[in-house]
Participant: 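Here it is: the structure, laid out below.
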Amino acid sequence: MARLAPPPRAVDDAHGEAPVRVLVVDDRPDDARVLATVLGQPGYDVVTAHSGHEALKCVLESDFAVILLDVVMPGMDGFEVASVIKQRERSRSTPIIFLTAAGQDVSVIYRAYSVGAVDYLSKPLDTAIVRAKVGIFADLFRKDRRIREQNERLREADRRERELEMTELRLLSEGRYRSLLEMIPASVWTADPDGTASYCNHRWRSFTGLRLDGPAARSWIDAVHPTDAERAANEWSAARAGGGDYTTELRLGRQGGAARWHLGQVIADRDRAGVVRAWVGMFTDCEDLKRAVEARDEFMSIASHELRTPLSTLMLQLEMFQRTFARQGVDDATARRLESARRQTERLDRLVGDLLDVSRISAGRLELEREDVDLTELVRACVDRLSEQATRAGSPVECRAANGVRARCDRARVEQVITNLVSNAVKYGAGRPIVVDVAGDTAHATIRVRDQGIGIEARAMPRIFERFERAVSGRKYGGLGIGLYITRQIVEAHGGSVEVTSRVGEGSEFTVQLPRQALAGAHEAQVEELLPARRREA
Amino acid sequence: MSDEPLVMVVDDDDDLRDTIIDVLQMAGYSVSGQRDGVEALEALRTGARPDLVLLDLMMPRMTGWELYEAMSAMPTLADLPVLIMTAMRSADGPRPPAGLETIQKPFALQALLERIERRLEGTGKKAAAL
């Protein structure tokens, strides 16, 4: 392999572009040298090879505008070389001109075309013809190369423009995102996937006095009050170890002031494949809310005392009157009035109890004290207690309880449920009979309360178990709208369910299902958690 | 009438305390009333030993909790039966001292009498039936 023409990549003076390469393959050095000389002019870079193997090596190394290939060579002949060149994707379209001896059999020429030759030249070679034929292919190659280069340049320009647009868009959106973060009244930071802080907003900086960005970057955990810091750090590493998004409550230290409770949300910003790109933490000050809840709890505790103490006196006094009169004898009207006063005092006690229950439930403090309860007996006792009131309303209550249906439940709470449902049935029962039944299978105990009263409109059904919701006008029927809410909360705290079917004008049927055994549900776990604490206090 | 059980009622609400005293006297008990922990402790130190203390929790000067603690620390009073009257449910706030019997306010007359009677079981004291 020898090179006679200018070195590759040198610029052709005439065209201002790189010379094209021409491969000359001939086993006779003289012939090869002649061809190299003939083509040795500006714009060409002639490479010569003296065997088929050498030729293939050259083709592997460079792209050629045209290959001049001798047919007859020892070892690998021209046809074999041509077919290998044509098999290779990269060199498939490189034109091959065969060099044949004078008076060569025409079959050789046919074979040359069949392996992919574009032309042939007979020896002895005519210099002008060689130059002309090679020149055509060299021009084609140059044009092709120019088109390819132009395309490449266009694509590159296009790519750059798109990149620029994307960058602008990203900056714009990032700018908006940042201004949004700067403005919101919550403390926000962002962090890299490994937890290294990358940004914090104005409120974070001004509240905690801790910069998370810049050279002296620190972890956001440094702003957490020492009491909560270890827990916060554990939650944060668990999230990064694969736990993902989480919410938390912790105290953030305030620059030059007392720490304040914050409600925190930490979420992972993920790409389409689900890989974490960044973390965002947002902390909302809930100190005032916490104080308000504490104040409410304290109020509840005081209210329950303050309301119940006068009720205690009233109830005892009324009962004393009743006993005294029972001994001494009294007219029926007075006895009736006294009984009415006593009933109303009881009602007041229940209302106070209901309101306190709502507060307890919203504070997540509805506790159950489970025991083995004979539901049949409990339902019968409730119905007995309410029968006088029911009869007065013209809705006698029939109790169809199977004997000995038992469940592990909070007796007082379940009694409250039954009382609520039966009182409702009496209240909305339109003076028609009410049926209460109790049944049980191996897993559940079922209590049904059915009335034939005014019924519930379909559109009111979804909200009757919500707090302060009522299906009827408050002007026609009194009530706080919390009875069914409490009922559902109690039943669900037991791991049970309450359902209703109803038709306007035909009545309603409420079905309560209670698991007979206490299930270790979420609520139950919560209660269990409280119990050891109580024991510890002892 | 020395066999009548003596019940000490400690409650800062005058009306309620007097009513309970009436109720208990009617039921055949001897009753003394004290308006807070300080008065009660003084009466316990110097007066007749009651068979039962009916104790309110939230009181000025000395609360029911404090009185109970003080009694527990005194050998002569540590074993005195106590029945706590409370308006609070267990979840609502400071709880009654653990292991103590409580009766929820408001209570019905019969319920109160039954609880007191049960609390006195084993002491050999019983009110004369009405």
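Values in this document were obtained by computation on a predicted structure and should not be read as measured data. Quick note on labels: first sequence line is chain A, next is B, and so on, each numbered from 1.
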Participant: Nearest 0.5 Å, what's the CG-NZ distance between A:Leu311 and B:Lys105?
Facilitator: 11.0 Å

Participant: Sorted by first residue and then second, give each side chain to side chain donor-acceptor pair (under 3.5 Å) pair with at least one member in residues 377-387 of chain A; sequence neighbours left out.
Facilitator: A:Arg380-A:Asn403, A:Arg385-A:Glu415, A:Arg385-A:Thr419

Participant: Hey, what do you get for CD (A:Glu319) to CG (B:Leu112), rounding to the nearest 0.5 Å?
Facilitator: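 Going from CD on A:Glu319 over to CG on B:Leu112, the span is 9.5 Å.
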
Participant: Measuring from atom CE of B:Met58 to atom CD of A:Glu306, what distance do you get when rounded to the nearest 0.5 angstrom?
Facilitator: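 Interatomic distance, B:Met58 CE to A:Glu306 CD, rounded to 0.5 Å: 6.5 Å.
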
Participant: Tell me whether the count of non-hydrogen atoms from other residues, nucleotides or ligands lying under 6.0 Å of CZ in A:Arg291 goes above 12.
Facilitator: no

Participant: Could you list which of residues 14-24 of chain B have a heavy atom closer than 4.5 Å to any heavy atom of chain A, in residue-number order?
Facilitator: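 At a heavy-atom separation under 4.5 Å, chain A is reached by B:Asp15, B:Leu16, B:Thr19, B:Ile20, B:Asp22, B:Val23.
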
Participant: Test of understanding: with salt bridge (Lys or Arg N to Asp or Glu O under 4.0 Å), list the residues that count as partners of A:Arg392, not counting sequence neighbours.
Facilitator: A:Glu388

Participant: Considering residues, nucleotides and ligands other than B:Arg49, do more than 12 of their heavy atoms fall under 6.0 Å from its CZ?
Facilitator: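 Counting neighbours around CZ of B:Arg49, more than 12 heavy atoms of other residues, nucleotides or ligands fall under 6.0 Å, so yes.
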
Participant: Less than 4.5 Å apart, side chain to side chain, heavy atoms only: is that true for B:Gln110 and A:Arg323?
Facilitator: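 Yes, at least one pair of side-chain atoms sits under 4.5 Å.
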
Participant: Which answer fits A:Met320, side chain, backbone, both or neither, if we ask what part of it has an atom under 4.5 Å from a heavy atom of chain B?
Facilitator: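 For A:Met320, the contact with chain B is made by backbone and side chain together.
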
Participant: Of all the heavy-atom pairs spanning B:Pro106 and A:Ser312, show the shortest one and how long it is.
Facilitator: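 Closest approach of B:Pro106 to A:Ser312: CA-OG, 3.2 Å.
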
Participant: What pairs meet the salt bridge (charged side-chain N to carboxylate O under 4.0 Å, His left out) rule with one or both residues in residues 58-72 of chain B, with sequence neighbours excluded?
Facilitator: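 Found B:Asp36-B:Arg61.
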
